[in-house]
Amino acid sequence: MRTTPALSILALAMFMAAPVAAQTVTITPRLDTRLTWTDNVDTSDDAQQDWIAEISPGIGISRASGRFRGYLNASLRNLVYAQETDKNKTYLAFRGNGEFEAIENAVFIALAGSISRTDTSAFSRRGAGDSLSADKADETRMWSIAPRYQFRFGDAGIGRLGYESRWLQGGSGTLADTRQERWTLAVSDPSALRLFGWGIDLARTDTTFEQGSGRDVTQEIGRATLFVNIDPQFRLRLIGGYESNDYDLVEGEEGSIWGAGFDWYPTERTSISAIAEDRIFGTGYDVQLQHRMARSTWNFSASRDISSTLDELAGGEVLDPVFQLFYLLTDPSLPEAERMRLARAAYERAGGVGIRTNAYFLQRAIAAGVSFSGARNTLSFSVRRAERERLSTLAGFLATDDFAEFDYTDTRSVSVMLLHRLTGTSNLNGSITRSKTEGQGSSNRDVDRLLFNIGITRQLSPDTTAGLNYRHSKTTGTNDYTENSIRATLGMSF
């Protein structure tokens with residue numbers, strides 16, 4: 001699949017119906033410049049110093065109302081090295097997500113896409129989100145289009161028929177080209193009989209790989225839910241269903257689903273939902289908690305389910321409480337595209353990027369975040385853990401895929417961030433992230449990372465911001481390296 005048409009469709013959709021409500025579209029061209037000095041440009045034992053200059057023109061587009069709502073961020077990154085000139089890079093970084101209401105209250109089309117470069121291995125020397133990870137071999141591209149039809153019936157009944165097509169591509173053979181097609185049907189009336197309600201969910205997912213990379217696989221899931229409305233703030237769920245997939249075995253696996261859960265809204269600022277099910281892979285669950293206070297925000301999630309790189313790249317991070325925390329810390333007066341860009345950057349620095357693989361895997365994940373806000377200070381803490389167990393989707397894995405070597409990976413991270421307002425136009429910010437990744441399989445490997453950042457930013461004018469930042473990075477375990485770097489930045493919007 002060519003990336004240019006997919007990108008063009010997403011960009012063009014931002015302007016659909018613009019003549020009717022042009023004032024809802026925010027377009028922000030920008031120019032980001034960076035000058036970085038590092039004492040270990042190759043992240044090797046034989047440390048070499050170098051200077052890296054970056055000039056990256058970009059654009060952010062947001063639309064918050066009208067028939068299309070969404071955001072788009074794109075930049076042309078140009079990295080130039082003073083000594084290691086063979087490392088010079090120019091590439092497009094892109095991320096967008098939006099939805100177009102084709103027929104009012106009936107037909108919707110969701111669009112998503114991303115182009116990014118970050119180390120695809122959880123055991124690499126540079127951690128996820130490192131801006132100097134720009135090798136073509138680590139480029140990952142994802143595109144998604146998802147039309148759906150929605151309808152209502154009775155007093156509160158809702159229905160939805162949807163189709164989603166996703167494409168995943170990896171640079172320089174890092175990942176095999178993958179296509180995923182998913183059909184969904186959901187019909188429910190949670191309060192059909194006041195005390196009782198019902199819901200039915202059906203889904204079929206077909207995944208195909210480029211020729212020679214692996215066999216095609218299918219997953220089918222059907223659930224029926226009985227809702228018991230104890231009161232307006234508390235609702236029980238009783239779940240029964242059936243599922244099958246051939247991710248682990250050629251002949252496939254199948255079995256029943258039995259489970260229960262609840263939704264509880266004790267206050268306007270607190271929501272808790274939890275579901276636990278007996279599945280073919282064992283116990284599956286999904287727990288979500290959100291709580292807001294006057295000067296603090298608390299988020300928590302825990303889940304165990306089958307997942308894939310495509311699921312994570314197609315917007316799965318927005319459900320992560322750590323991402324939600326960083327999003328809430330951004331300035332709400334900024335356009336949506338800019339808020340998402342800043343939140344995504346902080347999320348990646350905190351270790352919120354999963355591994356890149358063509359395999360389906362059973363994932364057990366837990367994440368929590370809390371933020372405290374004062375008159376001049378904002379302090380946030382986040383913790384994450386993700387255990388992934390490979391499901392043998394492919395006959396053979398690519399050499400750069402972590403699941404080519406490991407059957408099981410475990411990643412844990414802790415992050416602390418502080419933002420201190422020095423003046424009305426300048427901020428001091430600092431962060432510490434500690435992570436540990438272990439892999440078990442045909443061989444065993446472990447990597448410990450420590451990342452420390454401290455810097456100052458100053459708004460020179462309403463459209464110009466400058467910054468100076470120091471970073472210390474240390475990795476021990478299978479791969480050892482230490483790096484210190486200083487970065488000066490100047491960003492302008494137009």
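One-based numbering along the sequence shown.
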List for me each residue that meets side-chain contact (heavy atoms from CB on, under 4.5 Å) alongside [X], sequence neighbours excluded, and say none if there are none.
X: T184; value: R182, A203
X: S165; value: I145, Y163, W167, R179, E181
X: D446; value: K436, E438, D448
X: I103; value: A106, V107

Check whether any side-chain heavy atom of [X] sits under 4.5 Å from a side-chain heavy atom of [Y], and report yes or no.
X: E387; Y: E389; answer: no
X: L236; Y: I230; answer: yes
X: T28; Y: T26; answer: yes
X: I366; Y: F300; answer: yes
X: V447; Y: R449; answer: yes
X: T270; Y: L289; answer: no
X: I257; Y: I221; answer: yes
X: R141; Y: F94; answer: no

With rounding to the nearest 0.5 Å, note down the distance linking [atom1] in [X] to [atom2] in [Y].
X: E253; Y: F281; atom1: CD; atom2: CZ; value: 10.5 Å
X: D278; Y: I239; atom1: CG; atom2: CD1; value: 12.0 Å
X: L418; Y: S431; atom1: CG; atom2: OG; value: 10.0 Å
X: S62; Y: R69; atom1: OG; atom2: CZ; value: 13.0 Å
X: Q288; Y: I275; atom1: CD; atom2: CD1; value: 9.5 Å
X: S307; Y: R364; atom1: OG; atom2: CZ; value: 15.0 Å

Under 3.5 Å, which donor-acceptor pairs do the side chains of residues 368-376 form with other protein atoms, sequence neighbours left out?
residue	atom	partner	partner atom	Å
R376	NE	R421	O	3.0
R376	NH2	R421	O	2.9
R376	NH2	L422	O	2.5

Whether over 12 other heavy atoms sit under 6.0 Å from W264 CH2: no
Over all atoms of both residues, closest heavy-atom pair of [X] and [Y]:
X: L92; Y: A74; result: CD1-CB, 4.4 Å
X: A102; Y: R67; result: O-NH2, 2.5 Å
X: S308; Y: F361; result: CA-CE2, 3.7 Å
X: P190; Y: N229; result: O-ND2, 2.9 Å
X: L226; Y: G197; result: CD1-O, 3.3 Å
X: N97; Y: A112; result: ND2-CB, 3.9 Å

Going through the distances and angles, do W298 and M293 end up as a side-chain contact (heavy atoms from CB on, under 4.5 Å)? CA-CA 8 Å; W298 304 73; M293 300 177 66; 4.0 Å; yes
Expected output: side-chain R63 to main-chain F68 donor-acceptor under 3.5 Å: yes
Please answer whether the main-chain N or O of I280 pairs with a side-chain N or O of E243 as donor and acceptor at a distance below 3.5 Å.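 Confirmed, E243 side chain pairs with I280 backbone.
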May I have the list of side-chain donor-acceptor pairs in residues 150-159 shorter than 3.5 Å, sequence neighbours left out?
residue	atom	partner	partner atom	Å
Q150	OE1	R148	NE	2.6
Q150	OE1	R148	NH2	3.1

Determine which pairs satisfy salt bridge (charged side-chain N to carboxylate O under 4.0 Å, His left out) with at least one residue from [range], sequence neighbours left out, and list them in order.
range: residues 260-275; value: R235-D263, R237-D263
range: residues 287-307; value: R279-D305
range: residues 183-205; value: R204-D206, R204-E220

Could I get the full list of ring-ring contact (aromatic ring centres under 6.0 Å, His included) partners for F262, not counting sequence neighbours? F234
Applying the side chain to side chain donor-acceptor pair (under 3.5 Å) criterion to R166, which one of T178, T205, T207, D311 satisfies it?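 Passing option: D311.
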So among S415, S413, S382, which one has a side chain to side chain donor-acceptor pair (under 3.5 Å) with T433? S415
Kindly determine whether W143 and I115 satisfy side-chain contact (heavy atoms from CB on, under 4.5 Å), including the steps that lead there. CA-CA 9 Å; W143 308 103; I115 303 174; 3.9 Å; yes
Pairing residues for D410 by the salt bridge (Lys or Arg N to Asp or Glu O under 4.0 Å) criterion, not counting sequence neighbours: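 For D410 the salt bridge (Lys or Arg N to Asp or Glu O under 4.0 Å) partners, ignoring immediate neighbours, are R385, R412.
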According to salt bridge (Lys or Arg N to Asp or Glu O under 4.0 Å), who are the partners of D407, at least two apart in sequence or on a separate chain? R390
Using the rule given for side-chain contact (heavy atoms from CB on, under 4.5 Å), can you reason through N245 versus V217, listing the C-alpha separation, both sets of side-chain angles and the distance that settles it, and then say yes or no? CA-CA 7 Å; N245 70 61; V217 293; over 6 Å; no
Go through the steps to decide whether N377 and L379 satisfy the test side-chain contact (heavy atoms from CB on, under 4.5 Å), and finish with yes or no. CA-CA 7 Å; N377 298 289; L379 180 65; over 6 Å; no
